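Notes follow once the structure below has been shown.
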Amino acid sequence: MNRKKTVRQAQVKVAVGISGGVDSAVSALLLKKAGYDVVGVHLYCWPPKSEIERDGLTREEWIKKNGCRADEDRASSLKTCLELQIPFKVLDFSEEYNQRVIKYFYEEYEAGRTPNPDVLCNSEIKFGLFLDWAMKNGFDYIATGHYAKLMEGDLPLRVPAAPATVGMTKLFIPKDKHKDQTYFLWKLTQKELGHVLFPLGDLLKNEVREIAKEAGLTVADKKDSQGICFVGNVEVKDFLARRLKKKEGKVFDREGNEVGTHDGVWFYTIGQRGGWVMDSKTQKLKKSKTQDGETPIFYVISKNAERNELVVAEADGATGDQLEVERLNKISSTKWKLDDLLVRIRHGGELIGARGVEIESGLLVILDKPVRGIAPGQSAVFYSHEGECLGGGVIV
């Protein structure tokens, strides 16, 4: 690295979101090695004081009861920053997270839709409140351990080279397609992307772990987190049950026949396999119609929150090839080729060929093939054949 670049980069301040895992740790390491002025920032988002008080418990009792790993993540983040010899700061966004993300999460499920809290967490917290704080406190960029890639024009924005000028920034699928997290970033705009770095865009996960091991970082072999963003490894149904109680309802097949019971529509999502109780009469009838005498698999195909009813169908009747998308966001100025799009309707799902038709509420999307699990409330994220994440919207 030449001296001129080193001097320039030493003046660039980056606030790196340190979660306590290996991805954010290596992001900070790479930026520090490249000569940036790096500060590790841990975002504390769960549980908020109001949630603990609502349950009438002490903080210690609440964490023990709910298996929350907030303290563990904070301690791991601090240790990472000590190992990297960078400053460490904690920002408490717990009440804002509760109001902007968790409240929406419960309201959407109660209304019969399936929200994606990670998408909202990114736009409201990580690239919202965190970015705002960084800009107000003299930082040039924030960086995170997301597996995503940024390009300005035709030039990749990657470590060690930060953008020299502010131009049209485009979001691309990263080198590690298995870890691709662009699905969760579709709500970002040029305002945010102009001040963001994703150091892992050109790395595979195993390469990230190897870098961490070579640097002697404690988190090198730490398992990836699962579950709801910031909440931890908790099943969605268990988390919902904290506020949405069981309420037995009826299950119908596509012909309107009552076939069983369920625990409450908010505990189910479109495309879900099973999870409800089939009545014995239906079970016996269905078994008699199969060659192997096994009960066929049913999938949830629609929900009526007002009547607390589910509709289910066997595999051949549980797919669809059209969806309507509203609240569209276009990330860059790249023109969408509506007759030749790729769309993803769930994180980790396949990229499906599609064409779009503009309608008053947004976009009617016609898929090249039928798929299962088109769930209102979830995100539909669009891509070009060159791997650019064009933007997305909410399935209605």
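Everything numeric here is computed off the predicted structure, so don't read it as measured data.
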- Query: Would you say the ring centroid of Tyr106 lies under 6.0 angstrom from that of Phe239?
  - Reply: yes

- Message: Please determine whether salt bridge (Lys or Arg N to Asp or Glu O under 4.0 Å) holds for the pair Asp224 and Lys179, giving the CA-CA distance in whole Å, both sets of side-chain angles, and the decisive distance to 0.1 Å.
- Response: CA-CA 11 Å; Asp224 291 344; Lys179 296 295 294 182; 2.9 Å; yes

- Please round to the nearest 0.5 Å and tell me the distance separating atom CG of Asp132 and atom CD of Glu192. 8.5 Å

- Is the closest side-chain donor-acceptor distance between Asp118 and Tyr183 under 3.5 Å? no

- Task: Could you walk me through whether Asp73 and His42 pass side chain to side chain donor-acceptor pair (under 3.5 Å), step by step?
- Result: CA-CA 9 Å; Asp73 287 343; His42 180 69; over 6 Å; no

- Mind jotting down which residue pairs meet the salt bridge (Lys or Arg N to Asp or Glu O under 4.0 Å) criterion with at least one end in residues 87-104? Sequence neighbours excluded, please. Arg100-Glu124, Lys103-Glu107

- Closest non-hydrogen atoms of Thr144 and Ser27, given as atom of the first, atom of the second and distance, are O-OG, 3.4 Å

- Message: Using side chain to side chain contact (heavy atoms under 4.5 Å, CB included), reason through Leu342 and Ser384 one step at a time and then give a plain yes or no.
- Response: CA-CA 6 Å; Leu342 293 174; Ser384 72; over 6 Å; no

- Spacing of Ile345 atom CD1 and Ile270 atom CD1 [to the nearest 0.5 Å]: 11.0 Å

- Task: Kindly compute the distance separating CG (Leu363) from CZ (Arg327), expressed to the nearest 0.5 Å.
- Result: 14.5 Å

- Whichever hydrophobic residues join Tyr299 through chains of side-chain contacts under 4.5 Å: Ile297

- Message: I'd like to know if the side chain of Glu51 reaches the main chain of Asn98, judged simply by a donor and an acceptor atom lying under 3.5 Å from each other, with no hydrogens or angles considered.
- Response: no

- Smallest separation among heavy atoms of Ala315 and Arg372, with atom names: CB-NH1, 4.3 Å

- Could you tell me whether a side-chain N or O of Gln378 sits under 3.5 Å from a main-chain N or O of Pro115, the two making a donor and an acceptor? yes

- Candidate pair Lys170 and Glu386, rule salt bridge (Lys or Arg N to Asp or Glu O under 4.0 Å), full reasoning: CA-CA 12 Å; Lys170 299 179 180 182; Glu386 292 72 39; over 6 Å; no

- Has the side chain of Glu314 got a donor or acceptor atom that lies under 3.5 Å from a matching backbone atom of Pro296? no

- Message: Taking the basic N atoms (NZ, or NE/NH1/NH2) and the acidic carboxylate oxygens, is any pair closer than 4.0 Å for Lys213 and Asp221?
- Response: yes

- Query: Using the ring of each side chain (for Trp, its six-membered ring), is Phe127 parallel, tilted or perpendicular to His146, with breaks at 30° and 60°?
  - Reply: tilted

- Query: Any Lys/Arg nitrogen of Asp23 or Lys222 sitting under 4.0 Å from an Asp/Glu carboxylate oxygen of the other?
  - Reply: no

- Okay, side chain of Asp140, backbone of Lys13: is any donor-acceptor separation there less than 3.5 Å? yes

- So, for Leu29 and Ala215, which heavy atoms are closest and what is the spacing to 0.1 Å? CD2-CB, 3.6 Å

- Item | Spatial distance of atom CD (Glu53) from atom CZ (Arg59) [nearest 0.5 Å] | 12.5 Å

- Determine the sole option in Lys49, Arg243, Arg242, Lys65 for which the salt bridge (Lys or Arg N to Asp or Glu O under 4.0 Å) test with Asp55 is passed. Arg242

- For the residue pair Thr269 and Gln272, confirm or rule out a side-chain donor-acceptor distance under 3.5 Å. no

- Message: Within the supplied structure, the quantity of interest is the number of heavy atoms (other residues, nucleotides, ligands) at a distance under 6.0 Å from Lys245 NZ; does it exceed 12?
- Response: yes

- Under 3.5 Å: donor-acceptor pair, side chain of Thr261, backbone of Lys250: no

- Query: Side chains of Ser332 and Glu388: donor-acceptor distance under 3.5 Å anywhere?
  - Reply: yes

- Query: Do Lys175 and Asp180 sit within salt-bridge range, that is, some charged N less than 4.0 Å from a carboxylate O?
  - Reply: no

- N-O pairing of Lys32 and Asp37 below 4.0 Å: no

- Message: Check Arg209 with Glu214, please: is the shortest side-chain N to carboxylate O separation under 4.0 Å?
- Response: no

- Task: Would you check if the side chain of Ser76 reaches a backbone N or O of Glu72 as a donor-acceptor pair within less than 3.5 Å?
- Result: no

- Specify the closest pair of heavy atoms between Tyr147 and Lys205, including all atoms of both residues, with the distance to one decimal. OH-CD, 3.1 Å

- Using the six-membered ring wherever Trp is involved, compare the ring planes of Phe105 and Tyr109 and label them parallel, tilted or perpendicular (cut-offs 30° and 60°). perpendicular

- Item | Side chains of Lys330 and Trp186 in contact at under 4.5 Å (non-hydrogen atoms) | no

- Decide whether Glu61 and Thr58 meet the rule of one side-chain donor and one side-chain acceptor closer than 3.5 Å. yes

- Rounded to the nearest 0.5 Å, what's the gap from CG on Leu131 to CG on Leu188? Could you check? 9.5 Å

- Message: Any carboxylate oxygen within less than 4.0 angstrom of a Lys/Arg side-chain nitrogen, looking at Lys149 and Asp202?
- Response: yes

- Item | Working for side chain to side chain contact (heavy atoms under 4.5 Å, CB included), residues Val41 and Ile18 | CA-CA 6 Å; Val41 182; Ile18 302 292; over 6 Å; no

- Message: Any side-chain to backbone donor/acceptor pair from Thr319 onto Val371? Under 3.5 Å, distance only.
- Response: no

- Message: Show, in sequence, the C-alpha distance, side-chain angles and deciding distance for Thr282 and Asp253, and conclude whether the side chain to side chain contact (heavy atoms under 4.5 Å, CB included) test is met.
- Response: CA-CA 10 Å; Thr282 302; Asp253 63 18; over 6 Å; no

- Task: Using a 4.5 Å cut-off on heavy atoms from C-beta on, say whether the side chain of Ile331 contacts that of Leu193.
- Result: yes

- Backbone of Glu108 reached by a side-chain donor or acceptor of Arg113 within 3.5 Å: no

- Can you check side chain to side chain contact (heavy atoms under 4.5 Å, CB included) on Tyr268 and Leu310, steps first, answer last? CA-CA 9 Å; Tyr268 303 85; Leu310 292 181; 3.8 Å; yes

- Item | Asp263 with Lys237: basic N within carboxylate O range, under 4.0 Å | yes

- Closest non-hydrogen atom pair between Glu324 and Ser361, with its separation: OE1-OG, 4.0 Å

- Task: For Asn66 and Trp62, indicate whether the former's side chain and the latter's backbone hold a donor-acceptor pair under 3.5 Å.
- Result: yes

- Message: Please check: side-chain N/O of Arg344 versus main-chain N/O of Ser379, any donor-acceptor pairing under 3.5 Å?
- Response: no

- So do the side chains of Val39 and Val16 get within less than 4.5 Å of each other, counting heavy atoms only? no

- How many angstroms lie between CG in Asp176 and CG in Leu203, if you round to the nearest 0.5 Å? 9.0 Å

- Query: Which atom pair, heavy atoms only, marks the closest approach of Val265 to Asn308?
  - Reply: N-OD1, 3.0 Å

- Quick note, ring-ring contact (aromatic ring centres under 6.0 Å, His included) partners involving residues 310-351, not counting sequence neighbours, are Phe184-His347, Trp336-Phe382

